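Quick caveat, the model's predicted, so the values are computed rather than measured. Every chain is numbered from 1 and lettered A, B, ... according to where its sequence line falls, protein lines coming before strand lines. Below, each value reflects all heavy atoms present in this structure, side chains not excepted, and no hydrogens, waters or symmetry copies.
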Number of protein chains: 2
Amino acid sequence: MALEHAILVSLLEKPGSGYELASRFDRSIGRFWTATHQQIYRVLKRMEADGWITAEEVAQEGRPDKRVYSAAAPGRDALTAWLRAPVEPETVRHELAVRIRGAAFDPAGTAGLAAEVERHRAAHAALLARYLAGERRDFPDPDVLDAAQALQHVVLRGGIEYERMTVAWLDDVLATLRRLG
Amino acid sequence: MALEHAILVSLLEKPGSGYELASRFDRSIGRFWTATHQQIYRVLKRMEADGWITAEEVAQEGRPDKRVYSAAAPGRDALTAWLRAPVEPETVRHELAVRIRGAAFDPAGTAGLAAEVERHRAAHAALLARYLAGERRDFPDPDVLDAAQALQHVVLRGGIEYERMTVAWLDDVLATLRRLG
DNA sequence: TCCTGCTATGCAACTCGTTGCATAGCAACC
DNA sequence: GGTTGCTATGCAACGAGTTGCATAGCAGGA
């Protein structure tokens, strides 16, 4: 139920079309919330019908026209109300953990699982490197940030620490698998 | 798409009824995969129809009868196939991160958000304490574990490190909010 | 020239997950 | 005696999320 609110935050940071929002969700916002373009277009329609956002048709040359959305007052109010309501507990779903515990029932597949874990480790290490590069680029001087930037930075630091921890844990998993195999 | 497989892992570790599975999902398995009893009952039916698991009616005294499920050969095969297939990338959804970034657009609500973050911090610290207690109880001597136990332990260590990291990050968030407010 | 890929939006069908409700007997507490 | 809570299973309805497909023009490479 938070996709609407993630979109509102993104549109308040900067107006954009459905397509642009989808690519933002593949980048920065995707760090903590994923969405496909189909979901985004559907929700944008509902939000426009509810008066949360307004759309403006923008003609373009050499590429299709687009509809640029901006957050409207009712949307801002809805976001504020949501921000102030208590948060539901998060549901964690870690598929790799299911697989690791399942490996006990497929000893012959341990080597394959280790290769999988290694692939994940590489992906998380690459993401960590991207986050760190983004941090150097966007926050070169962390002491002179305005409120919005300081909050973006602390969320990014969360992503960095998550990836760091995950890489270390996957190393632990690999060592454990090696001891068993 | 992994609820079936999480259930298979759990039934291979120990047969059980839908109700028992639901409480396991509230405990150990819930660390990395959540499910409600309605979901579990529905999936159990489908799995039984597909021949992945078998059921046995068990009469009880002083409480309702139950259906105890066990993993069958086709289910084990399905699990093995799933374990050996490549893993899809995980989708992360961190609602609190959306809220933190949204706080830039509701300065008056910063104090309320800080209280929320503090509540989350307490919940994660409590979970960390529970994990550590469980580790001391279930793995007092980590050097003499069989394969299944070693894998359960490394998954638990992942949970512990995740909670540790989260508590530290929430402290960082609180410090950032205090600097702004 | 054909194929791939990017911008840009959308429908239809399906599966997954959540919420509310229902039944039913027993035990414990106030 | 009434309320709450636990074991045990389930239906129905809804909302969220995924997958496959479709359109359409332009740019760039093999």
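- Asp65(B) has its CG atom 15 Å from the P atom of dA24(C), to the nearest Å.
- One side chain, Arg24(B) or Ser10(B), offers a donor N or O that lies under 3.5 Å from an acceptor on the other.
- Mapping Gln38(A) and Arg93(A) onto DNA chain C by nearest heavy atom places Gln38(A) at the nucleotide closer to the 5' end.
- Here the options are Asp26(A), Val43(A), Leu11(A), the test is side chain to side chain contact (heavy atoms under 4.5 Å, CB included), and the partner is Leu21(A); only Leu11(A) passes.
- Distances were taken from every side-chain heavy atom of Gln39(B) (C-beta onward) to each of dG20(C), dT18(C), dG10(C); the shortest belongs to dT18(C).
- Taking the nucleotide of DNA chain D with the nearest heavy atom to each of Gly18(B) and Ala35(A), the more 5' of the two is matched to Gly18(B).
- Proximity of Tyr19(B) to the phosphate of dT9(D): no side-chain N or O atom is located under 4.0 Å from OP1 or OP2.
- Following rounding to the nearest Å, Arg42(A) (CZ) and dA8(C) (P) show an atom-to-atom distance of 22 Å.
- Rounded to whole angstrom, the span from the NE2 atom of His37(A) across to the P atom of dC21(D) amounts to 14 Å.
- Straight-line distance from the CE atom of Met47(B) to the P atom of dC16(C): 12 Å, rounded to whole Å.
- As a whole-Å value, the separation of Arg67(A) CZ from dG10(C) P is 7 Å.
- A close approach under 4.0 Å does occur between a side-chain nitrogen or oxygen of Ser17(B) and OP1 or OP2 of dT9(D).
- Between Trp33(B) atom CH2 and dG17(C) atom P the separation is 7 Å, expressed in whole Å.
- Among the protein residues, Gln60(A) comes within range of the sugar-phosphate backbone only, with heavy atoms under 4.0 Å from sugar or phosphate atoms but none that close to a base.
- Classified by interplanar angle (parallel below 30°, tilted 30° to 60°, perpendicular above 60°), the ring pair Phe139(A)/His153(A) is parallel.
- Candidate nucleotides dG17(C), dG10(C), dT7(C) were compared by shortest atom distance to the side chain of Tyr41(A), and dG10(C) ranks first.
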Could you go step by step and tell me if Arg164(B) and Tyr162(B) meet the side chain to side chain donor-acceptor pair (under 3.5 Å) rule? CA-CA 5 Å; Arg164(B) 242 198 262 278; Tyr162(B) 176 77; over 6 Å; no
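- For the pair Val68(A) and Thr34(B), both in contact range of DNA chain C, the more 5′-proximal nearest nucleotide belongs to Val68(A).
- With rounding to whole Å, Arg46(B) atom CZ is found 18 Å from dT9(D) atom C1'.
- Considering only the side chain of Pro64(A), dT7(C) comes nearest among dT7(C), dA13(C), dC11(C).
- In this entry the distance linking CD1 of Ile40(B) with C1' of dC16(C) reads 14 Å, nearest Å.
- Taking only distance into account, the side chain of Glu61(A) never meets the base of dG25(D) through a donor-acceptor pair shorter than 3.5 Å.
- If you check dC11(C), dT7(D), dA8(C) against the side chain of Lys45(A), the one that comes closest is dC11(C).
- Surrounding CZ of Arg130(A) are at most 12 heavy atoms belonging to other residues, nucleotides or ligands under 6.0 Å away.
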